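Comments concern the structure below.
The model shown is predicted, which means the values in this text are computed figures rather than measured ones. A note on names: the letters A, B, ... follow the listed sequences, proteins ahead of strands, and every chain is numbered from 1. When reading the values below, keep in mind they use all heavy atoms of this one structure, side chains included, and skip hydrogens, waters and symmetry mates.
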Amino acid sequence: MSSGSNSGGLMSSAGLVRYFDSQDRNAIAINPKTVLAFCVLFGVFVQVLSLTVA
Amino acid sequence: MSWKEVAEPVLSRMPVVERPAGHVPFRRKLMWTAGILLVYFFLTNINPFGLAAGQGSDFFGQFRSVLAGESGSLLQVGIGPIVTASIVLQLLGGANLLGLDTDDPRDQVLYQGLQKLLVIIVTALTAAPMVFTGEFLPADQAVGQALGIGEFGVEVLIFAQIFVGGVLILFMDEIVSKWGVGSGVGLFIIAAVSQQIVGGFFSFSALGAPGFFASWYGIVFGDVPVSLSPFTAEGLQNLLFDPGNVLALFTTVFIFGIVVYAESVRVEIPLSHARVKGARGRFPVKLIYASVLPMILVRALQANVQFLGQILSSQWAGMPGWLGTYSDQGQPLSGLFYYLNPIQSRTEWMWFLGEIPASVEPWMIAVRLAIDLLFMVVGGAIFAIFWVETTGMGPEATAEQIQNSGMQIPGFRRNPQVVEKVMERYIPQVTVIGGALVGLLAVMANLLGTIGQVSGTGLLLAVSITYKLYEEIAEEQLMEMHPMMRQMFGNE
């Protein structure tokens, strides 16, 4: 049973944005936890800023 | 050829979210998905710093339920930029102007980078008019004075925050796609639509408008003095529309039912294994083969036309009447932009409800409806074809996949070209019929109205994405229980 192609199984259920397996070595790879942490901190930061200045 | 070499240094360096090194257990996938959902809801509840709260109007208007996000929050742009960028890529890819072969690893990197760069550019292009035209996200004068940067300074700050919010949506989508279940875009649409539907059912007057159950509670216990007799014109109107909303309930349930039913309508092509005797399978070609996702693209195209109209009318005082005249609430009343505006709710066409502006003639509504219908049915079919081609669900790609999984169609030679011939008998036809059908359904749901004023497209999308998600979860669990299946499905 070969799985030569990197398609995700018989039924492809891609979203609007497509991500492939291949990745360039030069690309900046971000850890998903970093993204999540940034989202939360960004929200908190903006909220705190609104509360202190306005 | 040349643009690839020029663009490669930029496109190949676009930041990406890491891929999981090995297999991610199902539980972890669910946790990532839930985590992203939580962060998404958190961010939709934060207003940008410097925004004069409660004074703006929603730039997306009725398109909000398809484009997710929340007006006046950090996620103001929603998935709008992703969808618009996707339209551009679909059209370029569909017409084969990019010259990218998505089987080639180097081209895959370029495609991903181009996609990301486009989304970021479109995010800026979407956020800029929202902020700088001053009507949709007005800046708070007091903040400008307190910081000494003036109104323009505050606008720049708001723009920056919304821009960051838009880019974060892109990265959240990437996390869900790589580490979670389904896709982020799908998840955010379900979240936005479900929120509206739940509000439509369970809201009560203390929260604003009463929802479906609260209205009926009021009717049954006599708090709302209306006649609901189906034998008088007024009573019938009360029963079908506000406050009874029976028609909206019917449409909502009908759309639910028909999408779930249509998901199960399929042509099944029998398969057997070339070497393992007795191992049989079926390749389903579903009626809604291309899924409902291309519908977002059609709607987003209409939305972008309307945004253009809004920007023109707010910035160009001498806009000619044939292009469009607008009401004080920013609704087009006549001209080109009126006819291109899809009908979003029943109050926009039901003349007997008396909510249509006096200047709008019945024939104008008819023309507008006809254009909307044409746009959705033809557009639905066209984008479905592009979608099938670009996501690798076309005859050639599926034939390749079947060949690679070691299967064949019994009674035919084991050869990708032969399989492709068989697939060509079904896939294009089913795609066109499915796309047109979905377009028709979306228009119909908008005409009749739904619970919570979710647009028909929004409801269709939410139900069908949820169904897909359910299938994907079932498949995940199967693979979790039988690790051998993972090889069968081609995931290492």
Side-chain angles (χ1 to χ4, degrees), chain A, chain B residues 12-19 32 35 39 42-43 46-49 74 82-83 86 102-103 105 108-109 111-112 115 140 142-143 146-147 161 164 168 171-175 177-179 182-186 283 293 296 391-393 400-402 404-406 468 472 487-492:
Chain A
M1 266 172 261
S2 71
S3 54
S5 70
N6 48 22
S7 54
L10 280 182
M11 287 301 285
S12 145
S13 62
L16 277 178
V17 190
R18 296 178 70 198
Y19 302 102
F20 298 99
D21 281 340
S22 51
Q23 221 174 65
D24 199 87
R25 273 175 291 121
N26 294 326
I28 309 155
I30 312 171
N31 191 293
K33 282 181 185 145
T34 319
V35 179
L36 270 193
F38 181 80
C39 288
V40 174
L41 287 179
F42 179 59
V44 172
F45 173 71
V46 169
Q47 189 63 41
V48 168
L49 209 60
S50 308
L51 292 177
T52 47
V53 177
Chain B
S12 63
R13 281 184 180 77
M14 295 302 280
V16 290
V17 172
E18 270 173 21
R19 266 192 181 281
W32 274 114
V39 170
F42 168 66
L43 288 178
I46 308 269
N47 298 331
F49 168 67
L74 289 177
I82 295 183
V83 176
S86 172
T102 45
D103 289 328
Q108 288 181 352
V109 170
Y111 185 92
Q112 284 184 132
Q115 180 174 261
D140 194 345
V143 174
L147 295 179
Q161 294 169 72
V164 172
L168 284 181
F171 279 104
M172 288 199 277
D173 172 68
E174 195 169 349
I175 295 179
S177 301
K178 287 180 177 171
W179 295 77
S183 76
V185 171
F283 184 83
L293 273 174
I296 307 185
T391 52
M393 299 198 296
E400 195 76 21
Q401 283 174 21
I402 288 173
N404 284 341
S405 67
K468 276 249 150 56
E472 205 164 309
Q487 284 180 344
M488 291 273 289
F489 280 101
N491 304 354
E492 59 270 74

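- Annotation: side chain of A:V17 is not in contact with side chain of B:S183 (no heavy-atom distance under 4.5 Å).
- Interface check for chain A: of the options B:Q115, B:M172, B:M14, the most heavy-atom pairs under 4.5 Å are formed by B:Q115.
- Considering CD1 of B:I296 and CG of A:L16, their distance stands at 4.5 Å, rounded to 0.5 Å.
- A:F42 and B:L168 make their closest contact through CD2-CD1, 3.9 Å (heavy atoms, listed as atom of the first residue, atom of the second, distance).
- Atom CD1 of B:I46 is separated from atom SG of A:C39 by 11.5 Å, given to the nearest 0.5 angstrom.
- Using a 4.5 Å heavy-atom cutoff, the side chains of B:V164 and A:F38 are in contact.
- Looking only at side-chain heavy atoms (C-beta outward), B:Q112 and A:R18 stay at 4.5 Å or farther from each other.
- Neither the backbone nor the side chain of A:F45 comes within less than 4.5 Å of any heavy atom in chain B.
- In this structure, the side chain of B:E18 does not engage the main chain of A:P32 through any donor-acceptor pair within 3.5 Å.
- Within the 4.5 Å cutoff, the side chain of B:F42 has heavy atoms near those of the A:V44 side chain.
- Annotation: the span from B:R19 atom CZ to A:Y19 atom OH amounts to 10.0 Å, rounded to 0.5 Å.
- Put simply, the side chain of A:K33 reaches to within 4.5 Å of the side chain of B:W32, judged on heavy atoms.
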Would B:F171 and A:L36 count as a side-chain contact (heavy atoms from CB on, under 4.5 Å) here? Give the steps. CA-CA 9 Å; B:F171 279 104; A:L36 270 193; over 6 Å; no

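- Using a 4.5 Å cut-off between heavy atoms, B:E400 makes no contact with chain A at all.
- Using a 4.5 Å cut-off between heavy atoms, B:S12 contacts chain A through both its backbone and its side chain.
- Contact of B:V16 with chain A is made through backbone and side chain together, with heavy-atom distances under 4.5 Å.
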